[in-house]
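Atom set for the values below is all heavy atoms of this structure, side chains included, hydrogens, waters and symmetry mates excluded. Residue indices begin at 1 and follow the sequence shown.
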Amino acid sequence: MGTGMDMDSDVEERRVQVRFITKLKPPFKVPNTSIAIPANLTRLGLSTIVNSLLKAGDDEWESQPFDFLIDGELVRLPLEQFLLAKGISAEKVLEIEYTRAVVLQKEDEPSLHDDWVSAVDGSCPRFILTGCYDNLGRVWKAAGECTHILEGHGGAITSVSVVNSEGTDSVTVATASKDETLRLWKFDTEEHLDQPSKIRAFKILRGHNASVQSVAAEASGSMICSGSWDCTINLWRTNESDTEGDLVSIKKRKVKNKAGESQLEGGALSTLVGHTQCVSSVYWPEPNTIYSASWDHSVRRWDVEMGKDLSNIFCGKALHCLHVGGEGSALIAAGGSDPILRVWDPRKPGTSAPIYQFSSHNSWISACKWHSESLFHLLSASYDGKLMLWDLRTAWPLAIIDSHEDKVLCADWWKGDSVISGGVDSKLRISSGVSVL
């Protein structure tokens, strides 16, 4: 590449001197020299240049899409406009960092349910757990491959959570339902079955007096918490013991279900009171800290031992979903009854103002989830039928997944590079090859 003097066909074309840098390992590195490029290039043009530089050093190189950062912000405008908007001088050599662009490689066949798919958990790479309005939970080994059906709830399942999947083939999961109970289930992920195995809960948790909207497990798996329409958050033990020394306020009893098997019943260990409307979402990232979001417009952080909220953020909208992650695992993302996904940093003074607001959806937001390995990437789902993938370094969505035919009700990451989602079209969708790292 010359300095452009040979391009006499368009002498007027403005050019900028740039140096391309990257944190990617070889073979993704280009030479560290400065080159002159047209100032009006978009990211597609920049991508073409980086690919041609890589191809010059390696005949076998196959072109792929890149994204570009200047001063830590993703370029989403033609270069000249971006520099102007950011007040960056084009007189000196401009350092442009490139990363691999996030693209969706493929959509798997939908996994069909008998009613709305209202809950999904992808935290274990061996399976996907879903909850449905037909009162059943389901375990999926892959798209279309259902291995277990969780039977017993008397109302729609609203939330699901993998409680413990460490080390062994046996897994414990929790489900929450409109029938005012939570249930705990165990199954073996390595069973080789010709058809789905129907299983019953080993423990039924009673204590809420309205629909249970959300369930989250503490990292060790020894406890779970739940949020309900009764405005409370309950804490529960997950063990199988039914001894009296279990500090449970309600006496435990074994009940016989329709199949004649005995099931344990457990009461709440403690209750967190403070929200004034439905507690729509709970998250339990570390032993003494629970986060909750509510229709009362607040996000709260609770001290589990003290049993009270230490901080709350008021947002002005009824909230449906919440997740904590990103830098320092401290950023709070929440969405609800408007199209805006908000992110707060509680470490900053004047915390009530979001540090990011993403507003490309055009209906209520039903789910949001940070990527567990990335500081920047966040997923959202909406009643507009779309999923959006966000990078904190730009206000535009990196990718839009538009595979559902109706409202999307739930979403999660799976195996680090897949997005899973469920909705009113009664389908679990898996979009794979979404590489964000």
Exercise for review: Verify side-chain contact (heavy atoms from CB on, under 4.5 Å) between Ile233 and Thr271, making sure each step is shown before the conclusion.
Suggested key: CA-CA 6 Å; Ile233 298 165; Thr271 301; over 6 Å; no
Donor-acceptor check, side chain of [X] to backbone of [Y], threshold 3.5 angstrom: yes or no?
X	Y	value
Thr175	Val160	no
Lys29	Leu24	yes
Ser161	Ala216	no
Arg429	Glu107	no
Thr42	Pro78	no
Asn288	Glu305	yes
Gln263	Ala201	yes
His361	Ser363	no
Asp425	Glu405	yes
Ser214	Gly227	no

Check your understanding: Would a line drawn from the ring center of Trp396 to the ring center of Trp390 be shorter than 6.0 Å?
Key -> no
Hey, can you tell me if [X] and [Y] have their rings parallel, tilted or perpendicular (30° and 60° cut-offs)?
X	Y	value
Phe66	Phe28	perpendicular
Tyr98	Phe20	perpendicular
Phe127	Phe187	perpendicular

Point to revise | Inter-residue atom distance Asn234.CG - Ser226.OG, 0.5 Å rounding | key: 5.0 Å
Review point. Out of curiosity, Ile420 CD1 to Thr130 OG1, how far, rounded to the nearest 0.5 Å?
Key: 9.0 Å
Check your understanding: Under the side chain to side chain donor-acceptor pair (under 3.5 Å) criterion, do Glu97 and Thr99 qualify, and how do the steps go?
Key -> CA-CA 7 Å; Glu97 183 188 343; Thr99 63; over 6 Å; no
Under 3.5 Å, is there a donor-acceptor pair between the [X] and [Y] side chains?
X	Y	answer
Trp413	Ser372	no
Ser170	Asp188	no
Arg300	His275	yes
His377	Ser374	yes
Trp302	Thr289	no
Thr172	Trp185	no
Thr147	Glu145	no

Salt bridge check: are [X] and [Y] linked by an N-O gap of less than 4.0 Å?
X	Y	value
Asp391	Arg393	yes
Arg43	Asp67	yes
Lys198	Glu151	yes
Arg206	Glu180	no
Lys415	Asp417	no
Asp384	Lys386	no

**Study point:** Over 12 foreign heavy atoms within 6.0 Å of CD, Gln195
**Key:** no
**Study point:** Within 6.0 angstrom of Glu109 CD, more than 12 heavy atoms from elsewhere
**Key:** no
**Study point:** salt bridge (charged side-chain N to carboxylate O under 4.0 Å, His left out) assessment of Glu265 paired with Lys203
**Key:** CA-CA 6 Å; Glu265 289 210 354; Lys203 197 171 186 181; over 6 Å; no
Exercise for review: Determine the minimum heavy-atom distance between Val120 and Asp412, stating which atoms define it.
Suggested key: CG1-N, 4.1 Å
Exercise for review: Could you check Glu73 against Val75 for side-chain contact (heavy atoms from CB on, under 4.5 Å), going step by step and ending with a plain yes or no?
Suggested key: CA-CA 6 Å; Glu73 187 158 348; Val75 177; over 6 Å; no
Point to revise | Criterion side-chain contact (heavy atoms from CB on, under 4.5 Å) on Leu94 and Ile88, from CA distance to verdict | key: CA-CA 9 Å; Leu94 192 63; Ile88 299 167; 3.9 Å; yes
Check your understanding: Checking ring pair (Phe, Tyr, Trp, His ring centres under 6.0 Å) for the pair Trp140/His113: CA distance, chi angles, key distance, verdict?
Key -> CA-CA 11 Å; Trp140 304 84; His113 292 63; 5.0 Å; yes
Review point. Where do Phe314 and His297 land on the ring pair (Phe, Tyr, Trp, His ring centres under 6.0 Å) test, with the steps shown first?
Key: CA-CA 6 Å; Phe314 285 93; His297 302 183; 8.3 Å; no
Review point. Please walk me through it: do Asp345 and Arg347 pass salt bridge (charged side-chain N to carboxylate O under 4.0 Å, His left out)?
Key: CA-CA 5 Å; Asp345 186 344; Arg347 300 166 299 184; 2.9 Å; yes
Check your understanding: Do Lys407 and Ser366 pass the side-chain contact (heavy atoms from CB on, under 4.5 Å) test, and can you show the C-alpha distance, the side-chain angles, and the key distance before you say yes or no?
Key -> CA-CA 9 Å; Lys407 296 184 181 75; Ser366 53; over 6 Å; no
Would you list the atom pairs, donor with acceptor, under 3.5 Å between side chains in residues 317-336 and any protein atom, with sequence neighbours excluded?
{"residue": "His320", "atom": "ND1", "partner": "Ile365", "partner atom": "O", "Å": "3.2"}
{"residue": "His323", "atom": "ND1", "partner": "Trp370", "partner atom": "N", "Å": "3.0"}

Exercise for review: Test His208 against every option in Asp179, Thr181, Asp230 by the side-chain hydrogen bond (donor to acceptor under 3.5 Å, both in side chains) rule and name the one that passes.
Suggested key: Asp230
